[in-house]
Amino acid sequence: MLVVILGMVMSYTYTGEKLPLNDGAGWDGVIYRDIVLNIDKTYFHHGINKYHMHRVLPFAVTHGLMRMAGVEMNNSNALWASVLMNVLMVVLSVVFLFRLSSFLRWKAHTETIAFSLIFFNVGVLKVFGYEPLVTDSLALLLSLMAAHYFFARRTLPLVLTGIVALFSWPVLSVVVLILVAFPRTEVEYLGDTQQRQFFTQPLLTKVFRLIMILWVPVAFLLFVVYKHHVHPETSFLELFILRPAHSVALVVASMVSVCVFYYYATAAVAVEWGGVLRSIFARRSLLRIALCSICFIILYYASQYFGSPAIFSAFQQLTQMVHPPVTDIFIFLETPFAYQGMFILLILFFGRSIAREVCSYGVGYLLVLVMGMVFLMDIETRKLVMLYPFMLVPLMAAVNRKNLRAWVPLACVMVQLLLSACWFTMNTPELPAALAADDVSVFIDYPAQRYFYMHGPWQGRTTYLLIGGLEIILAIACVVLYRINRFYVKDDKQQ
C-alpha cells in the first residue's frame with residue numbers, strides 16, 4: 001500500500017508543474033543540463049568546475065542513456081530524462097530500504113514509519129519532480145545503500161558506494177570513509193548513569209560538550225571579524241545582522257538557542273570519549289585510518305583533475321553553517337521540519353535512545369552522528385539527505401522495541417503526506433518574475449516563498465513563524481499523547 005501511495009503521488013507531482021526559471025532547470029540546474037547535453041565536449045576539456053565535477057555522475061548517465069535511446073539533445077528532453085532518472089533512483093531507494101528493513105528485522109509498524117519518513121517528504125514527493133536537475137535522488141539511494149552495506153558488514157560494496165558518491169554527493173564519501181576507517185568497537189554510554197550530569201562527567205566528555213556548545217557562536221564571531229578585516233568599509237553591525245529587518249537582540253537570542261540545543265543534545269550523546277580515543281589511537285586503527293585517508297585524498301583530487309577552478313570555497317561552505325543558524329531562534333530545528341517532516345521531531349524525542357543505540361554500532365557511527373549534529377546548522381536542509389538514512393536506523397531500532405497502537409503508523413503516514421506539500425501548487429503568474437529577480441530581499445517574500453519556503457537560507461520570517469508554529473503544535477500534541485499513554489499498548493512508555 002505504501003508503494004502504491006508513493007507511485008500515485010509521484011505520477012501526479014513528477015508530471016506536473018516545473019520550476020519556472022531557465023526552462024525548469026533553475027540555478028545550478030543550468031550547469032547540470034549542460035552536462036547532460038554536452039558532457040562529451042566539456043568533461044575532458046576543463047569545461048566543468050571542480051565543485052560540479054563531484055556532482056557529474058547522474059547527468060553523465062542521463063546523457064549516455066539519451067544517446068543509447070536516440071533521443072534528441074535539447075532542453076526539454078534533458079529535463080524529462082532527469083525526471084525519469086529521479087524516478088529510477090526513488091524506486092531503487094525503496095528496494096534498499098526494504099532490504100535494510102528485512103536485514104534489521106523491523107516490525108511492520110517500524111517499516112511503515114521508516115518508509116513515510118524517507119519518502120513522504122518535500123524532497124521526494126515535490127522537489128525531485130518540480131526541479132529534476134538535482135543530485136539529491138542519487139544521494140538518497142547511495143546513502144541507503146551505504147547504510148545497508150555497513151550493517152551487512154560488506155566492506156567492498158560500501159567502499160564502492162563511497163567512490164561513486166565522489167561523483168554525485170562528496171560529503172557522503174566522507175561518511176563512508178569514517179565508517180570504513182574507524183573501528184567498530186562499542187562505545188561506553190554514560191547517559192543512563194549519574195555521569196549524565198555535566199559536572200560529574202569525565203574531563204574529555206566535558207571538553208567535547210563545551211566545543212559543541214560554543215563552536216557556532218565562536219565561528220560566527222570570527223567570521224564577522226574576518227569579513228570586517230577584508231571589507232573594512234562594512235561596519236560590524238552590517239556583518240552581524242544577516243537580514244535588514246532583524247536586530248542584534250535577535251541574533252544574540254539565536255546564538256543562545258544554538259548553545260541551548262547543543263547543551264541538551266550533547267547530554268543525550270554522553271559517551272566516554274577517553275575510550276573512543278584509545279580505540280582510535282590503537283596502532284592497528286591508526287594504520288587503517290591513515291591508509292583509508294590517503295586513498296580518499298588521492299581519489300578526491302583525481303576525480304576533479306579535469307575540472308576548472310571551483311566556484312565555491314570551503315570558507316563559503318563554513319560560512320553557510322555559522323551565519324544562517326543565527327538568523328532566527330531555533331531555525332535549525334524548523335527548516336528540517338519544513339523539508340523532511342516529523343523526522344527531526346522523532347530524533348529529538350528519541351535522542352537518548354538513538355545515542356545509546358549508536359554507541360553499539362562503533363566509533364565510526366558515533367562520529368557520523370556527531371557529524372550530523374554539526375551539519376544540522378546548515379539550514380539548507382536538502383544537504384542533509386545523505387545523513388537521514390544513518391539517523392533512521394538507530395531511530396527505528398528504538399521504535400522497533402515499542403508496542404505501538406495500530407493508529408500510530410497510519411497517523412505518521414498521513415502527517416508526512418500533509419507536510420510533503422505534494423498537494424501544494426507552487427507556480428503562480430507572478431512567480432517567474434520573482435525568481436528571475438535573483439535578489440534575496442525578493443526571495444524572502446511572497447510569491448517567491450512558494451518555492452523558497454523549504455530552503456532555509458532564503459526562508460522569510462512569516463514562513464518561519466508559520467512552519468515553526470505548526471512544528472510546536474505538533475510537538476505539544478505528541479508530548480500530550482505520550483503523557484496520557486495513547487501511543488503504546490498497555491504501559492510501554494520506556495524510552
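All of these numbers come straight from a predicted model, not from anything done at the bench. Residue numbers run from 1 in the order of the sequence given. Any value given below was found using the heavy atoms of this structure, including those in side chains, with hydrogens, waters and symmetry copies removed.
- Listed here is the closest heavy atom pair of Phe167 and Pro58: O-CD, 4.0 Å.
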As a quick check of understanding, evaluate side-chain contact (heavy atoms from CB on, under 4.5 Å) for Phe261 and Met377, giving each step before the final call. CA-CA 11 Å; Phe261 165 76; Met377 293 299 110; 4.3 Å; yes
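- For the residue pair Glu334 and Gln459, a side-chain donor N or O sits within less than 3.5 Å of a side-chain acceptor on the partner.
- Side chain to side chain, Glu380 and His455 fail the donor-acceptor criterion of an N or O pair below 3.5 Å.
- Ring geometry for Tyr43 versus Phe306: interplanar angle of 30 to 60°, hence tilted.
- With contacts defined as side-chain heavy-atom distances shorter than 4.5 Å, the pair Ile118/Val124 does not qualify.
- No side-chain donor from either of Trp458 and Tyr453 sits under 3.5 Å from a side-chain acceptor of the other.
- A cation-pi arrangement is found for Arg209 relative to Tyr263, the charged atom lying closer than 6.0 Å to the ring centre and inside a 45° cone about the ring normal.
- Classified by interplanar angle (parallel below 30°, tilted 30° to 60°, perpendicular above 60°), the ring pair His148/Phe103 is perpendicular.
- In this structure, Val271 and Thr205 have side chains that are not in contact, with every pair of non-hydrogen atoms separated by 4.5 Å or more.
- Taking 4.5 Å as the limit, every side-chain heavy atom of Asp136 sits out of range of all side-chain heavy atoms of Met89.
- Glu272 places a side-chain N or O within 3.5 Å of a backbone atom of Gly275 that can act as its donor or acceptor partner.
- Atom-to-atom distance recorded for Leu160:CG and Arg154:CZ is 10.5 Å, nearest 0.5 angstrom.
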Step-by-step ring-ring contact (aromatic ring centres under 6.0 Å, His included) determination, Tyr361 to Phe151: CA-CA 9 Å; Tyr361 301 159; Phe151 286 100; 4.9 Å; yes
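- What you find for Leu369 and Ala355 is that their closest heavy atoms are CD2-CA, 4.4 Å.
- A donor-acceptor distance shorter than 3.5 angstrom exists from the side chain of Thr161 to the backbone of Pro157, with no hydrogens or angles considered.
- Residues His63 and Ile35 are not in side-chain contact: their nearest non-hydrogen atoms beyond the backbone lie 4.5 Å or more apart.
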Checking side-chain contact (heavy atoms from CB on, under 4.5 Å) for the pair Ile113/Val413: CA distance, chi angles, key distance, verdict? CA-CA 7 Å; Ile113 294 172; Val413 169; over 6 Å; no
Which is it for Tyr149 and Leu156 under the side-chain contact (heavy atoms from CB on, under 4.5 Å) test, yes or no, and what are the steps along the way? CA-CA 9 Å; Tyr149 292 139; Leu156 180 59; over 6 Å; no
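- Residues Asn121 and Tyr339 approach most closely at CB-O, 3.5 Å, considering heavy atoms.
- Here the OG atom belonging to Ser279 is positioned 11.0 Å from the CZ atom belonging to Phe182, to the nearest 0.5 angstrom.
- The closest side-chain donor-acceptor pair between Glu186 and Ser360, if any, does not fall under 3.5 angstrom.
- Here the shortest heavy-atom pairing between Leu286 and Phe281 reads CD1-O, 3.6 Å.
- Counting heavy atoms from C-beta on, the side chains of Leu133 and Ile31 never come closer than 4.5 Å.
- Looking at Leu142, Val174, Val171 one by one, the single match for side-chain contact (heavy atoms from CB on, under 4.5 Å) with Met386 turns out to be Val171.
- Judged purely by atom type and a 3.5 angstrom limit, Arg105 has no side-chain atom pairing as donor or acceptor with the backbone of Ser101.
- Note that the OG1 atom of Thr135 and the CG atom of Leu172 stand 11.0 Å from one another [nearest 0.5 Å].
- A donor-acceptor contact shorter than 3.5 Å is absent between the side chain of Ser143 and the backbone of Pro389.
- Side-chain atoms of Asp328 never come within 3.5 Å of backbone atoms of Ile331 as a donor-acceptor pair (strictly under, hydrogens ignored).
- The distance from the CG atom of Leu481 to the CD1 atom of Ile476 is 12.0 Å, given to the nearest 0.5 Å.
- Val260 has its side chain within reach of Val256: a pair of non-hydrogen atoms, C-beta onward, lies under 4.5 Å apart.
- The shortest non-hydrogen separation linking Tyr464 to Ile329 is OH-O, 2.5 Å.
- Taking the six-membered ring where tryptophan is involved, the planes of Tyr32 and Phe59 are essentially parallel, since the angle between them stays under 30° and well short of 60°.
- A donor-acceptor pair is defined here as one N or O able to donate and one able to accept, closer than 3.5 Å; no such pair exists between the side chain of Asn400 and the backbone of Trp106.
- Relative orientation of the Phe452 and Trp27 rings is tilted, given thresholds of 30° and 60° on the angle between their planes.
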Criterion side-chain contact (heavy atoms from CB on, under 4.5 Å) on Leu419 and Phe337, from CA distance to verdict: CA-CA 9 Å; Leu419 295 175; Phe337 178 76; 3.8 Å; yes
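- Across all non-hydrogen atoms, the minimal contact from Val176 to Ala146 is CG2-CB, 4.2 Å.
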Set out, in order, the CA-CA distance, both residues' side-chain angles and the distance that settles salt bridge (Lys or Arg N to Asp or Glu O under 4.0 Å) for Arg352 and Glu357, then state yes or no. CA-CA 9 Å; Arg352 188 162 284 112; Glu357 193 71 26; over 6 Å; no
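- Between Ile289 atom CD1 and Arg284 atom CZ the span is 12.5 Å, to the nearest 0.5 Å.
- Between Tyr365 and Phe150, the two ring planes are tilted [angle within 30° to 60°].
- Note: Phe98 and Phe115 meet the aromatic proximity criterion, with ring centroids under 6.0 Å apart.
- Under the 4.5 Å side-chain criterion, counting only non-hydrogen atoms from C-beta, Leu366 is in contact with Trp273.
- Between the side chain of Ser173 and the backbone N or O of Pro170, at least one donor-acceptor pair lies under 3.5 Å.
- Of the inter-residue distances, the one linking Ile344 atom CD1 with Leu117 atom CG reads 11.5 Å to the nearest 0.5 angstrom.
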